[in-house]
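The structure appears right after this line, and notes come after that.
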Amino acid sequence: GEDVEQSLFLSVREGDSSVINCTYTDSSSTYLYWYKQEPGAGLQLLTYIFSNMDMKQDQRLTVLLNKKDKHLSLRIADTQTGDSAIYFCAESRGNNNDMRFGAGTRLTVKP
Amino acid sequence: NAGVTQTPKFRVLKTGQSMTLLCAQDMNHEYMYWYRQDPGMGLRLIHYSVGEGTTAKGEVPDGYNVSRLKKQNFLLGLESAAPSQTSVYFCASSYSGTYYEQYFGPGTRLTVT
């Protein structure tokens with residue numbers, strides 16, 4: 001089947017930038033998403049990007065998409081301790097019932 | 001708005017027991033979903049519903065049944081629990097079935113011994 005892969009852990013110092021990477025295999029992916037999961041909570045949509053875009057910026061968040069390499073990244077500028085969470089990459093062709101999620105990257109922000 | 005709520009938050013079952021997980025949403029969403037989350041794996045879709053009275057199978061439906069008798073509720077049933085069903089279960093809902101944001105509940109941690 002189609003896969004979405006992410007590294008499982010990332011640790012950064014407060015104030016640094018964090019970059020979380022994701023690769024996917026489905027060349028028909030239309031929408032790519034980043035979800036955030038805080039302890040004891042469900043996933044919350046952070047941002048998304050359409051496959052015809054290369055970049056999307058939203059305040060401290062920058063999403064980069066390299067469609068040729070099927071590589072998606074999420075950059076968090078000026079990372080804060082409140083950004084500590086698990087970040088999930090997901091992709092779909094447009095239907096929510098065919099979304100594929102990565103295993104999640106646990107971001108730890110050290111003071 | 002409470003958003004998406006799930007009941008219970010935690011449960012321990014013995015092999016062969018049955019139980020029902022309840023998901024409720026107050027956003028008048030048409031679409032609802034049940035996922036399971038296992039260590040080292042992404043969320044996998046168990047079943048979903050495109051509206052009241054409808055259900056459909058997702059990626060991993062075996063061993064589970066669902067019902068959507070009311071628009072706001074989506075129930076997930078385990079008729080005969082197995083240790084392989086130990087997982088964290090998430091319910092989600094969305095206004096539409098295409099690219100619209102899914103809103104997730106806080107999850108139910110189920111352990112089957």
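FYI, side chains are in, hydrogens and waters are out, and symmetry mates aren't considered; it's all heavy atoms of this structure.
By the rule that hydrophobic residues join a cluster once side-chain heavy atoms approach within less than 4.5 Å of another member, A:Tyr87 and B:Val88 end up as members of one cluster. Note: the hydrophobic cluster containing B:Tyr89 does not contain B:Leu75 (ILVMFWY, side chain heavy atoms under 4.5 Å, direct or indirect links). Linking Ile, Leu, Val, Met, Phe, Trp and Tyr whenever their side-chain heavy atoms come within less than 4.5 Å leaves B:Tyr48 and B:Leu22 in two separate clusters.
Heavy atoms of other residues, nucleotides or ligands lying less than 6.0 angstrom from CD of A:Gln57 number more than 12. A 6.0 Å sphere centred on CD of B:Glu79 holds no more than 12 heavy atoms belonging to other residues, nucleotides or ligands. Residue A:Arg106 qualifies as open at atom CZ: its count of foreign heavy atoms under 6.0 Å is 12 or below.
Taking the side chain as every heavy atom from C-beta outward, B:Glu101 and A:Tyr33 never approach each other to under 4.5 Å. Side-chain contact between A:Arg100 and B:Glu59 is absent, with no heavy-atom pair separated by less than 4.5 Å.
Taking OH from B:Tyr35 and CZ from A:Phe101, the interatomic distance works out to 4.5 Å, rounded to the nearest 0.5 Å.
Put simply, of B:Arg109, B:Lys9, B:Gln6, B:Gln37, the one with the most heavy-atom pairs under 4.5 Å next to chain A is B:Gln37.
With a 4.5 angstrom heavy-atom cutoff, B:Leu45 touches chain A only via side-chain atoms. Contact of A:Gln37 with chain B is made through the side chain alone, with heavy-atom distances under 4.5 Å.
Between B:Leu43 and A:Phe88, the shortest heavy-atom contact is CD1-CE2, 4.0 Å.
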